[in-house]
Amino acid sequence: MYQAPRGTQDILPADRPYWRYVTEEMHRVAALFGLQQIDTPIFEETGLYVRGVGEGTDIVDKEMYSFQDKGGADITLRPEWTAGVMRAYIEHGMHVLPQPVKLYSMGPIFRYERPQAGRFRQHHQFNVEMLGELDPAVDLEVMSVAWTLLGRLGYRGLNFQLNSTGCPKCRPAYRQALVEYFARYEDRLNDTDRRRLKINPLRLLDSKEEAAQPLLNDAPHSVDYLCAECASHLATLRGYLDALDMPHSINFRLVRGLDYYTKTVFEVWAEGIGAQAAVCGGGRYDRLIEELGGPPTPGIGFGMGIERVIASLKAQGVQPPPLPAPRVQVSPLGEAARAAGIKLARDLRDAGIGAVMAFGGRSLKSQLKSADKAGVRYALIIGESELAEGKVLAREMATSEQAPVPLDEIAAWLRGRLA
RNA sequence: GUGGCCAUAGCUCAAUAGGCAGAGCAUCUGGUUGUGGCCCAGAAGGUUGCGGGUUCAAGCCCCACUGGCCACCCCA
């Protein structure tokens with residue numbers, strides 16, 4: 001038996017109402033903020049991600065689906081949206097557009113990881129980027145997209161985890177302070193954390209190692225080491241958040257795993273998806289476009305995991321609206337009636353009325369059962385006598401009332417009643 | 001990549017101490033002519049995830065693989 005590859009899943013019709021509900025709201029909210037949709041290829045040159053996401057990150061070092069195509073090109077399945085969108089910004093000269101350029105995307109992301117609740121090898125992300133403007137009001141705008149969206153979907157108790165990772169000017173001093181602090185307690189760290197201390201000391205902050213916990217509270221906070229520009233950027237952003245009553249907690253342990261972040265970083269956490277609680281994460285990346293060969297251009301964005309959003313909505317008991325269903329079932333009795341029924345179904349669809357056929361020459365009883373299960377409002381019965389009179393018997397399922405209606409009037413008759 | 005738990009019908013789960021693989025739901029059919037929901041009856045549905053091993057005998061014990069869940073790593 002074949003099974004879906006590890007960490008992938010089929011999105012079945014039963015789950016579709018959630019997907020439709022969530023993705024339609026994403027399009028709607030994007031429109032409210034003047035975001036324009038962009039799609040980039042599902043694979044890119046491997047080098048783009050190595051350069052954009054950064055060597056030494058987990059994504060690049062061990063999570064990319066990379067291969068050589070038949071022409072020998074090094075290709076990687078999209079492990080995140082940002083690098084590809086930046087590539088498109090540069091390639092299409094979007095710096096000549098009015099800034100900031102506000103973009104959103106939706107689609108699958110691939111990472112070779114060990115699956116667990118809320119984490120898959122293929123998942124889908126809603127992604128937002130605002131490029132070309134350093135104003136903290138843009139940070140607020142980006143966070144507001146996530147805020148508005150989650151609020152409209154029915155989330156309760158939303159709260160941002162917020163931090164600033166500084167910039168190339170102030171980060172070295174902070175990094176140095178961290179190293180000095182933890183070096184004093186090196187004998188109390190285990191091997192994993194000792195390795196972090198050498199390679200990426202910021203990582204120590206979200207260590208879950210037992211031994212490190214007592215040390216973390218007194219560790220230096222990045223916000224205390226920010227340069228004047230970064231400090232004022234954060235203060236201004238917080239002022240905006242307060243003014244809009246958007247709750248946020250400074251989480252000095254929030255450090256993101258992608259190299260390109262500067263200044264603002266944030267996450268939104270939600271319940272009901274296990275240990276992988278981040279439903280949305282993002283931040284500012286003011287060096288990235290330049291790093292990828294474009295003009296110096298600031299940017300900020302976030303990714304939101306659609307599977308996690310849905311899992312969390314389910315946990316909160318949010319019910320999506322039902323999908324549009326067919327309104328009538330055509331139920332022919334006998335071979336002659338069947339030909340008329342097929343034609344009737346076609347005419348109804350041409351008139352914009354959703355119609356399903358009862359197949360297989362089943363008994364009327366069986367056909368009404370299936371009409372009941374399909375949830376149609378009317379069963380349109382065509383038997384010998386109806387056929388002879390050029391009529392159809394329209395049975396309203398909910399009331400069991402039925403009336404003969406001339407075939408050439410049925411579309412109009414239904415349209416009046418289904419409105 | 002590391003560790004723990006797990007895998008029986010489409011779904012949720014049973015199966016004594018190793019001794020003939022079952023139920024509910026869902027599906028299909030019927031309960032007298034062309035009338036659904038409730039009820040009743042019946043049918044269909046399984047190489048017990050896959051492959052080996054132990055045994056007279058394996059769903060049950062052992063090994064490997066695949067997949068799932070949980071935690072780590074990390075992230076959405």
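Letters A, B, ... are given to chains in the order of the sequence lines, protein chains preceding strands, and every chain is numbered from 1. Since the structure is predicted, the reported quantities are computational estimates derived from the model, not experimental observations.
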Nearest-angstrom distance from the residue atom [atom1] of [X] to [atom2] of [N]:
{"X": "A:Ile59", "N": "B:rC74", "atom1": "CD1", "atom2": "P", "value": "13 Å"}
{"X": "A:Arg121", "N": "B:rC69", "atom1": "CZ", "atom2": "P", "value": "12 Å"}
{"X": "A:Leu387", "N": "B:rG34", "atom1": "CG", "atom2": "P", "value": "15 Å"}
{"X": "A:Phe359", "N": "B:rU27", "atom1": "CZ", "atom2": "P", "value": "18 Å"}
{"X": "A:Gln367", "N": "B:rG30", "atom1": "CD", "atom2": "P", "value": "11 Å"}
{"X": "A:Leu254", "N": "B:rA76", "atom1": "CG", "atom2": "P", "value": "11 Å"}
{"X": "A:Arg308", "N": "B:rA76", "atom1": "CZ", "atom2": "C1'", "value": "4 Å"}

Inset, instruction - Can you label the angle between the A:His221 ring and the A:Phe252 ring as parallel, tilted or perpendicular, going by 30° and 60°? - result: parallel

Inset, instruction - May I ask you to establish whether A:Lys102 and A:Phe33 are in a cation-pi arrangement, using a distance under 6.0 Å from NZ or CZ to the six-membered ring centre and at most 45° from the ring axis? - result: no

With a 4.0 Å cut-off on heavy atoms, is [X] in touch with a base, just the backbone sugar-phosphate, or nothing at all?
{"X": "A:Gly375", "answer": "nothing"}
{"X": "A:Ile306", "answer": "nothing"}
{"X": "A:Ile109", "answer": "nothing"}
{"X": "A:Phe120", "answer": "base"}

[N] base to [X] side chain: any donor-acceptor pair below 3.5 Å?
{"X": "A:Ser385", "N": "B:rG34", "result": "yes"}
{"X": "A:Arg114", "N": "B:rU2", "result": "yes"}
{"X": "A:Lys365", "N": "B:rG37", "result": "no"}
{"X": "A:Arg119", "N": "B:rC73", "result": "yes"}

In whole Å, what separates the [atom1] atom of [N] from that of [M]?
{"N": "B:rG53", "M": "B:rG59", "atom1": "P", "result": "15 Å"}
{"N": "B:rU16", "M": "B:rG22", "atom1": "P", "result": "13 Å"}
{"N": "B:rA9", "M": "B:rC5", "atom1": "C1'", "result": "24 Å"}
{"N": "B:rU48", "M": "B:rC60", "atom1": "P", "result": "10 Å"}
{"N": "B:rA26", "M": "B:rU2", "atom1": "P", "result": "44 Å"}
{"N": "B:rG51", "M": "B:rC38", "atom1": "P", "result": "41 Å"}
{"N": "B:rC62", "M": "B:rU55", "atom1": "P", "result": "16 Å"}
{"N": "B:rU33", "M": "B:rC28", "atom1": "C1'", "result": "23 Å"}

Legend entry - Watson-Crick and G-U pairing of RNA chain B written in dot-bracket, each distance under 3.5 angstrom, with | for inter-strand partners: (((((((..((((.....[..)))).(((((.......))))).....(.(((..]....))).))))))))....

Of the nucleotides [options], which has the atom closest to the [X] side chain?
{"X": "A:Gln3", "options": "B:rU66, B:rC69, B:rC74", "result": "B:rU66"}
{"X": "A:Leu393", "options": "B:rG34, B:rA76, B:rC69", "result": "B:rG34"}
{"X": "A:Ala117", "options": "B:rC74, B:rG67, B:rC70", "result": "B:rC70"}

Within a 6.0 Å radius of atom [atom1] on [X], are there more than 12 heavy atoms belonging to other residues, nucleotides or ligands?
{"X": "A:Tyr240", "atom1": "OH", "answer": "yes"}
{"X": "A:Tyr112", "atom1": "OH", "answer": "no"}
{"X": "A:Arg377", "atom1": "CZ", "answer": "yes"}

Inset, instruction - May I ask you to check whether A:Trp413 and A:Tyr378 place their ring centres under 6.0 Å from each other? - result: yes

Legend entry - A:Tyr285 side chain to A:Glu129 side chain, donor-acceptor N/O pair below 3.5 angstrom: yes

Looking only at side-chain N and O atoms, does [X] come under 4.0 Å of OP1 or OP2 in [N]?
{"X": "A:Arg111", "N": "B:rC74", "result": "no"}
{"X": "A:Ser366", "N": "B:rU29", "result": "yes"}
{"X": "A:Gln116", "N": "B:rA71", "result": "yes"}

Legend entry - Given RNA chain B, 5'-ward residue of the pair A:Arg362 and A:Gln402, judged by closest heavy atom: A:Arg362

Inset, instruction - By nearest nucleotide on RNA chain B, pick out whichever of A:Lys373 and A:Glu386 is the more 5' one. - result: A:Lys373

Inset, instruction - Begin with the C-alpha distance, continue with both residues' side-chain angles, and end with the deciding distance and a verdict on salt bridge (charged side-chain N to carboxylate O under 4.0 Å, His left out) for A:Lys343 and A:Asp347. - result: CA-CA 6 Å; A:Lys343 183 172 178 305; A:Asp347 292 345; 3.1 Å; yes

Inset, instruction - Could you check if a side-chain atom of A:Arg284 sits within less than 4.5 angstrom of a side-chain atom of A:Ser164, using non-hydrogen atoms only? - result: no

Legend entry - Test item: A:Met143 and A:Phe302 side chains (from C-beta on) under 4.5 Å apart, heavy atoms: no

